[in-house]
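Input: a single structure, listed below in structure tokens.
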Amino acid sequence: MAINEGYDFRQTEKKWQKIWEENKTFQAKDQDDREKFYGLIEFPYPSGVGLHVGHIRAFTSIEIISRMKRMQGYNVLFPIGWDAFGLPTENFAIKTGRNPREVTDENIKTFTQQLQAMGYSFDWDRTVDTTDPDYYKWTQWIFLKLFENGLAYKDTCYVNFCENCKVVLANEESQGGVCDRCGSEVVQMEKNVWFLRIKQYSEKLLEGLNEVDFLPRIKVEQQNWIGKSTGAEVTFKIAGEEDTLVIYTTRPDTLYGATFMVIAPEHPIIDKYADKIKNIDEIYAYREEAKKKNEFERVQLVKDKTGVRIDGLRAVNPVNGSELPIFVADYVMMGYGTGAIMAVPAHDTRDYEFAKKFDLPIIEVVSGGDISEEAYTDCNDGIMVNSGILDGLTVPQAKEKIIAYLTEQGVGHQQTNYNMKDWAFNRQRYWGEPIPIIECPHCGLVGVPEEELPLRLPEVKNYKPTATGESPLSEIEEFVNCKCPKCGAPAKRETDTMPQWAGSSWYFLRYMDPHNSEALASPEALKYWGPVDWYNGGMEHVTRHLIYSRFWNKVLYELGIVPFSEPYKKRTYQGLILGEDGEKMSKSRGNVVNPTDYVDKYGADVFRTYMMFLGDYEKAVPWSSNSIIGVKRFLDKIWELQSVCTDDPGYSPAHTELMHETIKKVTEDILAMKFNTAVAAMMKAVNTIVSDKTVTKGELSDLVVLLAPYAPHICEEIWQNLGHEGILSSSNVWPTYDPAVLENRSVEIPVQVNGKLKGVIRAAKDADVEALKAQLKADERFAAFDFDAAVKTIYVPGKILNFIIR
RNA sequence: GCGGGCAUGGCGGAAUUGGCAGACGCGCAGGAUUUAGGAUCCUGUGUCCCCGACAUGUGGGUUCGACCCCCACUGCCCGCACCA
């Protein structure tokens, strides 16, 4: 397009999007000689509302990095796909009476158009869709591997259940006691459900964090979620019975201070001794009450401990033989440790409150606190007292000694515990991967034979979950009834589907070889492309998708399917974009920003650049369109530079330092995800050059290359206008800076007297003090100071010159 | 309760990690252009009693020098949570 007409983004952006598509500019080449770079974004859920600004912020970072890497000569894999199974689509289908397949296809179409209009450099030939049978065939295949290796099992226990969505939830989906999807309170329900043994991988998932480059906050949150603690299991005999009560504690050193025991309401010992417990009716009533409380209520009642003493059972302390009463209380959870604790009120706040309420003895065993006021929980300064063999020891010494003693006596041992629970894996819904399992009356649970995969979702008329909390699939007889693959007897299929997280737990592997019909991906492709070099996504997935996919990858690694144990070398995150009111964007608040409005008005280049200029990438930022005009002016300025451009292929002397400085800043800032300051540096360079009213072809070319990752369309156009051959986006043209240019230049050195700034002088970077002094004496601005009288002179070359004059 | 983070002009945010606080952008003011408005371009823009002094949530400390390090406090945000 003609330079003097001004820049028309509508025409130019379409033009280049078409050229990129036709030339397959962004196609990743398998087994190429160039160094590979695999950049990954969290593939979107194609919802009906389309792309939102959060997507743009999340995607543009890796987009910029991928574009830079391509122009640095890397073979880049930057793929896109659709995480398309899930409740919103299903609910929408139910509401409108449409087929979820149809709705999904429509949404994918919208998303594709919107993403292409952003000019993203995805390799569209590798697009995956988790709802495509060719894809979920392999999701089911991985499930079978898990099942065959004992990592998927069925068990009856209390699970999180959302009464609104009518679906079982994993712990990761019900954080804070509310449903991830609808926000309603989660209740505990006893159900027979599928679990994946993620807990068994706790230690491996923790250790793996040592070998990856994840931002610290991500590691911390995963560590918290896994929740490792070390302590001891101690066996208490039940007085007069053969049975024992095993407890877990992190403070075995306080064993002599135990004055009672507490077990969870669901503890099996209650049923076992039902006929010996005199107040069993009262205990059962308490258990029923506890069941009714959801997690939210339990937290609310933290300060108000409740419980019932078991009349008829007592436990014996293995170190001193004292008999202790046993209580049932809901502050002890069946799901953690052994579901039973020894209570040491003197040194545990919860036990202290309970003891006060029930008027139980409090025995101090660590000195240093005032137990008449509150529990003394400190482990550092105290000395053991009233503790037999432990008296006089410090807490750490006492821990070590008591564990050794318990082990020797056969009544205890060191024990590590993890908070993370096994992953509840089935959902009572239609729009998910069918679980490929058959229940045979003779053989039990049997996997669907591999050659029968994919086990397709049957077409149904009604997608509604049933009133009994069973999957809609359970009502389709042709699907349910089948033959046992082992013995041929009539059998029934599992009718629940997998959770939304299943398809996303391995999609990054499929991108490496998306059309393979023989394997989830070929070993060569996995070896060449894996692992992912840089993965960016939201903090909200750190204790969900990110931990699930690391788990699946570790299993696949151990089975020899995948050649790397950690799937992601580097993981970063983007801050949330809040509504203009500073609140989280949501439909109900009415503060949602539609990116399309801005893309239509200013173009994709301006919008992408503005999103990155908005602020610190990792921080939450309220949306504001106030300064988007500044980015438009910036792009217009660089466009206008074409009219004052000379044919000189190099840099003019006046701009050499500026160019090298800008190249360094932009290159380094992109890799550090400081996208805002890279834009600022380019603006500064352009402003300087604009005010000089002349630019060389060499300068403008390099500026355009630096800007291309942010604003690729306008840069391609200028690049072409400048007479360069080929497509900028796939050319190996990223400029490098010459450190010598930046080293040798003169610098401005602030001159201080007694720490107060008096002025600035220009000097060589490595000038010596005497030379600078001479320069100052000759400078009339500093005539008032007698530098020779300085008691002390501080000189940091290139940084500061400070005279202390009394 | 435990863990992590943040606090800088009217606004979004910079500051090479101890060395010119406020880069860059918005906004605002003045000017140019225009019949006018918009758009665009130039100049200015932390505060004040404008030589100079005071300024990075508050109070102290270390240092020639502190947004940066240390101590205490205040206010926001995030994560986990009767986790034994």
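Letters A, B, ... mirror the listed sequences (proteins, then strands); counts begin at 1.
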Charged N to carboxylate O under 4.0 angstrom, [X] versus [Y]?
X	Y	answer
A:Glu221	A:Arg217	yes
A:Asp788	A:Lys773	yes
A:Arg571	A:Glu42	yes

Tell me what A:Arg350 touches on the nucleic acid: a base, only sugar-phosphate, or nothing, going by heavy atoms under 4.0 Å.
-> base
Determine: side-chain N/O of A:Lys674 to OP1/OP2 of B:A15, distance under 4.0 Å, yes or no.
-> yes
Does the base of B:C80 carry an N or O that pairs as donor and acceptor with the side chain of A:Asn224 under 3.5 Å?
-> no
Side chain A:Lys305 and base B:C82 donor-acceptor under 3.5 Å = yes
What interatomic distance, in whole Å, is found between C1' of B:A66 and the corresponding atom of B:A32?
-> 45 Å
Mind checking the C1' distance from B:A72 to B:G18? Whole angstroms is fine.
-> 22 Å
Of the candidates B:C24, B:G4, B:C41, the side chain of A:Arg633 sits closest to B:C41
Mapping A:Lys632 and A:Glu221 to their closest nucleotides on RNA chain B, which lands nearer the 5' end?
-> A:Lys632
Toward the 5' end of RNA chain B, by each residue's nearest nucleotide, A:Met342 or A:Asn626 = A:Asn626
Crowded around A:Lys357 NZ? As in, over 12 foreign heavy atoms under 6.0 Å?
-> yes
